[in-house]
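Only one structure is covered here, and it is reproduced in the block below.
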Amino acid sequence: MCYDVNAQLETQLKRAMRDADEHAIREIREKMARETDLPLFHVTGFQHPKMIIYTNGNPNAPVVSQWGLVPFWAKDKKDIWNKTLNARGEAIFEKNSFKTSAKNKRCLIYIDGFYEHHHHGKETVPYYISRKDLQPIALAGLWNEWTDPETGEIRNTFSIVTTEGNPMMAEIHNNPKMAGPRMPVILPDGLEDEWLKPYRDELDQKQLEELLRPYPESELAAHTVGKLRGKDAVGNVPEAMVPVVYDDVKTTY
DNA sequence: CCAGACGTTGTT
DNA sequence: GTCTGG
DNA sequence: CCAGACGTTGTT
DNA sequence: GTCTGG
């Protein structure tokens, strides 16, 4: 699970800035950034925000992409893109909606942190999760280009790959309806580019699947924040990440 | 064979 | 309790 | 994923 | 486009 994120422009662009010249930097900042919905202090995937991703096609070039992968064969985005916000890592090479992307269209999404809901009695308490060192979180993703049959418009869309959750995530995300803790795939420093390597054979697939593991909780911090859903939702404002204390709920990890 | 789906989710 | 909308 | 609705009717 | 269910 990973349906709620905090993604700042600088965080999303950091990778591009490593090797961009001044002209490229200006192009990116002045043109591309305006096509996104950044900054996103809190957004849910169900709003299908436009963000920046880095694809295997050109790993250092930022691309505007919309959250909620629409497979190329889909006739209409509406029925599918609320169901493809996440892609179960164990099955990305099997599922119709993801298999071609898993082979040929993998991507990185850099975010500052993400949110999960904890259930305490009848109350729902959101947590904000980030790296302890506050560095950008590199998420493993899948992307695709989909042509809208109605407008002819080509849309770039993406999905966040998930894996089993670490013990901290299991404690936080304790929705009774769910069967097994999950968390987004966070690629450790130095391994991001492995996710963008070409797929040639079964061995490559094995190596890609090796990357889809839970990130160690020792590197993650979490604290309770204000409501993210419903009429009390804090909205897309910096206050979304500000700590909020709830009775009888662990405040920080 | 055709029709219809194609997806995700941890017990206060 | 269960479904839909965001 | 969670929050909120869950119903009917000819007019603000 | 491709798989599953009937």
Side-chain angles (χ1 to χ4, degrees), chain A residues 1-6 37 40 42-50 66-105 111 113-129 139-147 149 157-185 212 214 217 222 224-236 240 244 246-251 253:
Chain A
M1 39 55 185
C2 181
Y3 292 144
D4 300 81
V5 301
N6 164 27
D37 294 312
L40 300 168
H42 169 258
V43 70
T44 94
F46 297 100
Q47 295 172 287
H48 306 288
K50 289 180 179 172
Q66 197 164 11
W67 191 359
L69 188 146
V70 185
F72 66 92
W73 42 258
K75 296 188 185 74
D76 182 20
K77 63 184 178 339
K78 285 231 157 200
D79 295 330
I80 191 85
W81 73 343
N82 280 345
K83 302 172 182 175
T84 53
L85 299 172
N86 290 169
R88 195 178 170 85
E90 295 88 330
I92 53 173
F93 290 100
E94 321 295 329
K95 299 289 187 181
N96 284 338
S97 291
F98 298 127
K99 58 203 298 184
T100 56
S101 292
K103 275 194 178 184
N104 305 314
K105 295 181 189 297
I111 64 171
F114 57 98
Y115 303 85
E116 297 293 351
H117 289 88
H118 179 73
H119 292 258
H120 185 260
K122 59 180 182 177
E123 196 173 26
T124 304
V125 178
Y127 280 79
Y128 176 66
I129 298 120
L139 297 180
L142 303 175
W143 65 285
N144 191 36
E145 277 179 344
W146 177 71
T147 304
T157 63
F158 71 92
S159 181
I160 294 172
V161 179
T162 66
T163 185
E164 57 183 311
N166 64 35
M168 184 185 85
M169 295 306 306
E171 266 194 52
I172 291 177
H173 199 238
N174 61 350
N175 184 319
K177 289 180 185 171
M178 296 198 270
R182 306 291 298 173
M183 68 182 294
V185 173
L212 306 180
E217 65 179 79
T224 51
V225 296
K227 301 290 186 177
L228 304 175
R229 300 277 158 84
K231 50 180 160 58
D232 295 329
V234 62
N236 182 21
V244 171
Y246 294 81
D247 290 341
D248 301 327
V249 175
K250 186 167 174 176
T251 304
Y253 282 88

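Reminder, nothing fancy here: chain letters follow the sequence lines and each chain counts from 1.
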Considering residues at least two apart in sequence or located in another chain, which fulfil the side-chain contact (heavy atoms from CB on, under 4.5 Å) criterion with Lys50(A)?
Asp37(A), Val64(A), Gln66(A)
Non-neighbouring partners of Glu171(A) that pass side-chain contact (heavy atoms from CB on, under 4.5 Å), sequence neighbours left out
Tyr253(A)
Among all residues two or more places apart in sequence or in another chain, which pass the side chain to side chain donor-acceptor pair (under 3.5 Å) test with Asn144(A)?
none
Would you list the pairs meeting side chain to side chain donor-acceptor pair (under 3.5 Å) in which at least one residue belongs to residues 224-235 of chain A, sequence neighbours left out?
Asp4(A)-Arg229(A)
With heavy atoms under 4.0 Å as the rule, sort Thr162(A) into base, sugar-phosphate or nothing.
sugar-phosphate
Using the C1' atom in both, what is the distance from dT8(B) to dG6(C), to the nearest Å?
16 Å
Provide the start and end nucleotides, 5' to 3', of the part of DNA chain E that has atoms under 4.0 Å from heavy atoms of chain A.
dG1(E) to dC3(E)
Roughly how many Å is it from OH in Tyr3(A) to P in dT8(B), rounded to a whole number?
8 Å
If you restrict it to nitrogen or oxygen atoms, what contacts under 3.5 Å exist between nucleotides 2-7 of chain B and the protein, and what is each distance?
| unit_1 | atom_1 | unit_2 | atom_2 | d |
| --- | --- | --- | --- | --- |
| dC6(B) | O3' | Ser97(A) | OG | 2.9 |
| dC6(B) | O2 | Asn96(A) | ND2 | 3.3 |
| dG7(B) | OP1 | Asn96(A) | N | 3.2 |
| dG7(B) | OP1 | Ser97(A) | N | 3.0 |
| dG7(B) | O4' | Lys83(A) | O | 3.4 |

Taking Watson-Crick (N1-N3 plus N6-O4 or O6-N4) and G-U wobble (N1-O2, O6-N3), each under 3.5 Å, can you produce the dot-bracket string of DNA chain D? Use [ ] for crossing pairs and | for inter-strand ones.
||||||......
For Lys99(A), what residues pass the side-chain contact (heavy atoms from CB on, under 4.5 Å) criterion, not counting sequence neighbours?
Asn96(A)
With heavy atoms under 4.0 Å as the rule, sort Lys99(A) into base, sugar-phosphate or nothing.
sugar-phosphate
Selection residues 70-83 of chain A - residue pairs positive for side chain to side chain donor-acceptor pair (under 3.5 Å), sequence neighbours left out
His48(A)-Trp81(A), His48(A)-Asn82(A)
Kindly write out the residues that satisfy side chain to side chain donor-acceptor pair (under 3.5 Å) with Glu90(A), not counting sequence neighbours, or none if the list is empty.
Arg182(A)
Check whether the ring centres of His120(A) and Tyr246(A) lie less than 6.0 Å apart, and answer yes or no.
no
Under the side-chain contact (heavy atoms from CB on, under 4.5 Å) test, residues paired with Ala74(A) that sit two or more places apart:
Val70(A), Pro71(A), Ile80(A), Trp146(A)
When the P atoms of dT11(B) and dC2(D) are compared, how many Å lie between them, rounded to an integer?
11 Å
With sequence neighbours left out, the residues meeting ring-ring contact (aromatic ring centres under 6.0 Å, His included) with Phe46(A) are Tyr3(A)
Once you round it to whole Å, what is the distance between P of dT8(B) and CG of Leu142(A)?
10 Å
